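The shown structure was predicted, so the numbers you read here are calculated from the model rather than taken from an experiment.
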Amino acid sequence: MTSIEVATQLGSVPRHQIPTLVAALLARLMEPDLETDTAPEEDPLLTADQVAERLQVDRKWVYRHKDKLGGMALSRKKLRFPSSGVDAYLRRRKAASSGRRK
């Protein structure tokens with residue numbers, strides 16, 4: 001199937017089904033590639049509670065800052081954060097705080 005055919009089919013997906021489709025595609029990306037027999041790089045998805053514990057902040061803070069932490073909605077009620085997104089946030093905060101001290 002060509003990319004034009006895929007784009008045409010995606011254009012016919014009803015808006016309310018897009019989150020389900022995105023979640024299914026994300027799940028597919030996390031599966032091992034059976035052709036090369038190698039698994040994708042590990043980047044575990046964390047829950048809001050896990051992120052809150054890791055950053056030592058309140059769970060509500062995590063939800064307020066979901067965009068800065070790379071939060072992804074898997075469904076209307078499931079929000080997950082890639083571990084790499086949380087790490088990147090910590091690096092940016094560290095760089096910003098070290099820049100202010102100089």
Side-chain angles (χ1 to χ4, degrees):
M1 184 178 294
T2 67
S3 58
I4 293 173
E5 292 170 328
V6 171
T8 302
Q9 288 183 356
L10 288 176
S12 65
V13 174
R15 283 182 162 282
H16 70 278
Q17 289 182 347
I18 292 174
T20 304
L21 181 60
V22 169
L25 290 171
L26 285 172
R28 174 67 179 98
L29 280 173
M30 300 304 289
E31 292 176 2
D33 184 353
L34 299 177
E35 291 180 15
T36 60
D37 199 32
T38 59
E41 276 189 42
E42 290 293 320
D43 189 11
L45 295 178
L46 307 173
T47 65
D49 289 330
Q50 291 170 320
V51 174
E53 184 176 327
R54 188 169 176 179
L55 299 179
Q56 298 179 350
V57 297
D58 186 69
R59 186 172 186 247
K60 290 179 182 180
W61 184 95
V62 173
Y63 278 97
R64 284 193 311 267
H65 295 84
K66 67 182 180 287
D67 294 334
K68 293 179 182 178
L69 297 166
M72 300 181 299
L74 298 184
S75 71
R76 286 178 33 172
K77 294 186 177 186
K78 290 193 183 207
L79 188 62
R80 295 294 183 264
F81 301 84
S83 182
S84 62
V86 177
D87 292 341
Y89 172 80
L90 289 171
R91 284 191 302 273
R92 288 191 306 270
R93 295 298 302 158
K94 185 176 181 179
S97 66
S98 66
R100 279 187 244 143
R101 291 183 199 159
K102 292 180 179 180

*asked:* As an exercise, state the distance from OG1 of Thr20 to CG of Leu25, rounded to the nearest 0.5 Å.
replied: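 Separation between the atoms: 11.0 Å.
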Interatomic distance, OG@Ser98 vs CZ@Arg93, rounded to 0.5 Å, equals 11.0 Å
Mind listing the closest non-hydrogen atom pair of [X] and [Y] along with its distance?
X: Ala48; Y: Tyr63; answer: CB-CE1, 3.5 Å
X: Pro82; Y: Gly70; answer: CD-O, 3.1 Å
X: Gln17; Y: Val13; answer: CB-CG1, 4.1 Å
X: Trp61; Y: Leu69; answer: CZ3-CD1, 4.0 Å

Has Gln56 got more than 12 heavy atoms of other residues, nucleotides or ligands less than 6.0 Å from its CD? no
Arg54 meets the side chain to side chain donor-acceptor pair (under 3.5 Å) criterion, sequence neighbours left out, with Ser83, Asp87
Sorted by chain and number, sequence neighbours left out, side chain to side chain donor-acceptor pair (under 3.5 Å) with Glu53 holds for none
In terms of hydrophobic clusters joined by side-chain contacts under 4.5 Å, are Leu55 and Phe81 together? yes
Q. Are Leu45 and Met72 side-chain neighbours, meaning at least one heavy-atom pair lies under 4.5 Å?
A. yes
Look at the side chain of Asp43 and the backbone N and O of Ser84, then say whether any donor-acceptor pair between them is shorter than 3.5 Å.
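Indeed, once roles are kept as given, a pair shorter than 3.5 Å links the two residues.
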Applied to residues 59-86, the salt bridge (Lys or Arg N to Asp or Glu O under 4.0 Å) test, sequence neighbours excluded, yields Asp49-Arg59
Test side-chain contact (heavy atoms from CB on, under 4.5 Å) applied to Val51 and Val57, step by step: CA-CA 8 Å; Val51 174; Val57 297; 6.0 Å; no
